[in-house]
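Index from 1, following the sequence. We count ligands from 1, going down the list as the structure has it; atoms in each ligand are counted the same way.
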Amino acid sequence: MSKKIYLYGNWKMNMTAAETKKFFDEFAGVYKPASDLEVGVFSPFTSLWALAEGAKKCGVVFGAQNAYYEAKGAFTGEVSIPMLAEIGVTHVILGHSERRHIFGEPDEMIAKKVKAVLDAGMIPVLCYGETLEEREGGNTFKVMERQLKSALEGLKPEEVAKIIYAYEPVWAIGTGKSATSEQAQEVCEWSRKLIGDPKVVILYGGSVKGSNAKELLSMKDIDGALVGGASLKPGSFLEIYTAYKN
Ligand code: PEP
């Protein structure tokens with residue numbers, strides 16, 4: 001049996017509610033569910049209501065791109081995990097490099113968010129990865145070990161197993177320059193050992209598209225893709241799975 005492929009779309013700060021509705025009108029016409037495919041979409045907060053409808057109609061995972069770890073209170077501008085749970089969100093991206101590097105989220109904050117999402121019975125999609133400077137300085141594994149160990153510290157093995165991991169080299173995100181399949185495989189294999197659970201789901205993210213999907217997704221330790229740019233159109237998003245299968 002072929003492995004199950006996770007195809008998760010991170011829309012970042014794109015797609016209004018109206019655009020989300022339009023996306024799913026088109027998506028519903030072209031998407032063919034398959035037993036070895038799990039599709040997920042992670043929209044901005046303001047589009048989550050429209051995403052809820054589309055995700056339910058098409059049977060795709062309903063996700064948010066961030067959440068704060070406190071349940072409520074004086075945290076202007078933040079959205080809590082119970083607020084997301086109330087509208088049916090099941091998965092939350094945490095630790096994306098844009099949160100780490102543009103908004104300065106430290107490892108400790110990401111760890112608290114991971115724990116809070118797990119405590120709410122939801123699934124964190126935990127992103128980690130090195131910058132170009134860190135890779136060129138020979139620090140790739142040191143940086144990722146810090147990121148992963150701090151996020152997993154104190155978690156029970158069954159919690160570690162529930163997390164979906166996404167290796168995203170910062171230099172490959174939104175640049176059009178993907179990691180090679182060997183580079184991505186090397187890190188995903190190493191990650192699986194560090195995490196200590198051979199069965200965890202590990203995605204690769206960074207300029208994944210139809211033209212590089214087959215070689216990346218065919219690698220032994222890569223279970224799927226976290227996709228930015230190519231997830232904004234149903235055609236280019238689903239092409240990643242069809243390219244892998246053909
Ligand atoms: C991302 O934002 O997680 C991502 C991988 O973006 P892109 O596919 O555009 O590189």
Side-chain angles (χ1 to χ4, degrees), residues 5-15 19-20 23 27 37-45 47-48 51 60-67 89 91-105 110 113-114 117 123-132 134-135 140 143-144 147-148 151 163-181 183-185 187-188 191 201-217 219 221-244:
I5 291 290
Y6 293 77
L7 183 61
Y8 282 4
N10 171 19
W11 282 355
K12 314 194 190 203
M13 200 172 71
N14 297 295
M15 305 294 262
E19 287 165 343
T20 301
F23 176 97
F27 187 87
L37 172 65
E38 177 171 304
V39 177
V41 176
F42 297 74
S43 81
F45 293 130
S47 303
L48 284 173
L51 174 58
V60 311
V61 162
F62 176 25
Q65 298 172 14
N66 187 25
V89 167
H91 291 53
V92 185
I93 293 177
L94 297 172
H96 190 279
S97 70
E98 286 148 19
R99 299 296 322 167
R100 292 179 190 267
H101 298 293
I102 302 175
F103 301 102
E105 282 194 17
I110 295 161
K113 291 181 174 191
V114 167
V117 166
I123 298 181
V125 179
L126 174 64
C127 302
Y128 61 100
E130 81 289 3
T131 63
L132 186 59
E134 288 160 348
R135 177 165 279 264
T140 299
V143 168
M144 291 188 302
Q147 292 173 339
L148 283 171
I163 297 171
I164 292 181
Y165 299 82
Y167 167 53
E168 298 208 305
V170 183
W171 47 272
I173 298 179
T175 59
K177 187 180 180 293
S178 159
T180 64
S181 48
Q183 283 170 325
Q185 163 61 25
V187 172
C188 292
S191 308
V201 174
I202 306 182
L203 316 181
Y204 164 77
S207 298
V208 179
K209 44 189 180 279
S211 57
N212 59 19
K214 192 169 178 85
E215 52 173 333
L216 285 162
L217 299 184
M219 301 311 280
D221 286 289
I222 301 178
D223 298 304
L226 183 56
V227 185
S231 71
L232 297 173
K233 296 239 154 48
S236 52
F237 190 31
L238 292 172
E239 190 193 344
I240 292 169
Y241 173 71
T242 31
Y244 162 71

For atom 1 (C) of ligand 1, the closest protein heavy atom turns out to be His96 NE2, 3.3 Å

Near Ala172, which atoms of ligand 1 are under 4.0 Å from a heavy atom of that residue? 10 (O)

Suppose I only count heavy atoms of Ser207 and a 4.0 Å limit; which atoms of ligand 1 are within that range? 7 (P), 8 (O), 10 (O)

Val143 versus Gly129, closest heavy-atom pair with distance: CG1-O, 4.4 Å

Aromatic rings Phe23 and Phe237: how do their planes relate, parallel, tilted or perpendicular, breaks at 30° and 60°? tilted

With respect to Val227, determine whether any N or O atom, backbone or side chain, lies less than 3.5 Å from an N or O atom of ligand 1. no

Can you name the atoms of ligand 1, numbered from 1 with element, that are less than 4.0 Å from a heavy atom of Asn10? 1 (C), 2 (O), 3 (O)

Ala166 near ligand 1 by a heavy-atom separation under 4.0 Å: no

The protein heavy atom nearest to atom 8 (O) of ligand 1 is Gly228 N, 2.8 Å

Using a 3.5 Å cut-off on N or O atoms only, is Glu168 in polar contact with ligand 1? yes

Apply side chain to side chain contact (heavy atoms under 4.5 Å, CB included) to Tyr6 and Val61, showing your working. CA-CA 10 Å; Tyr6 293 77; Val61 162; over 6 Å; no

For Gly229, the atoms of ligand 1 under 4.0 Å from one of its heavy atoms are 7 (P), 8 (O), 9 (O)

Verify the distance criterion only: is there a donor paired with an acceptor across the side chains of Glu168 and His96 at less than 3.5 Å? yes

Given 3.5 Å as the limit, does a donor-acceptor pair link the side chain of Tyr8 with the main chain of Asn10, or not? no

Listed partners of Glu130 passing side chain to side chain donor-acceptor pair (under 3.5 Å), at least two apart: Arg135, Tyr167, Trp171

Under a heavy-atom criterion of less than 4.0 Å, does Gly174 contact ligand 1? yes

Gly206 to ligand 1: N or O pair under 3.5 Å? no

What pairs with Thr20 under side chain to side chain contact (heavy atoms under 4.5 Å, CB included), at least two apart in sequence or on another chain? Trp11, Met15, Phe24, Ser47, Ala50, Leu51

Evaluate Thr175 for polar contact with ligand 1, using N/O atom pairs at a separation under 3.5 Å. no

If you look at every heavy atom in Pro169 and Gly205, which pair is closest and at what distance? CD-O, 3.4 Å

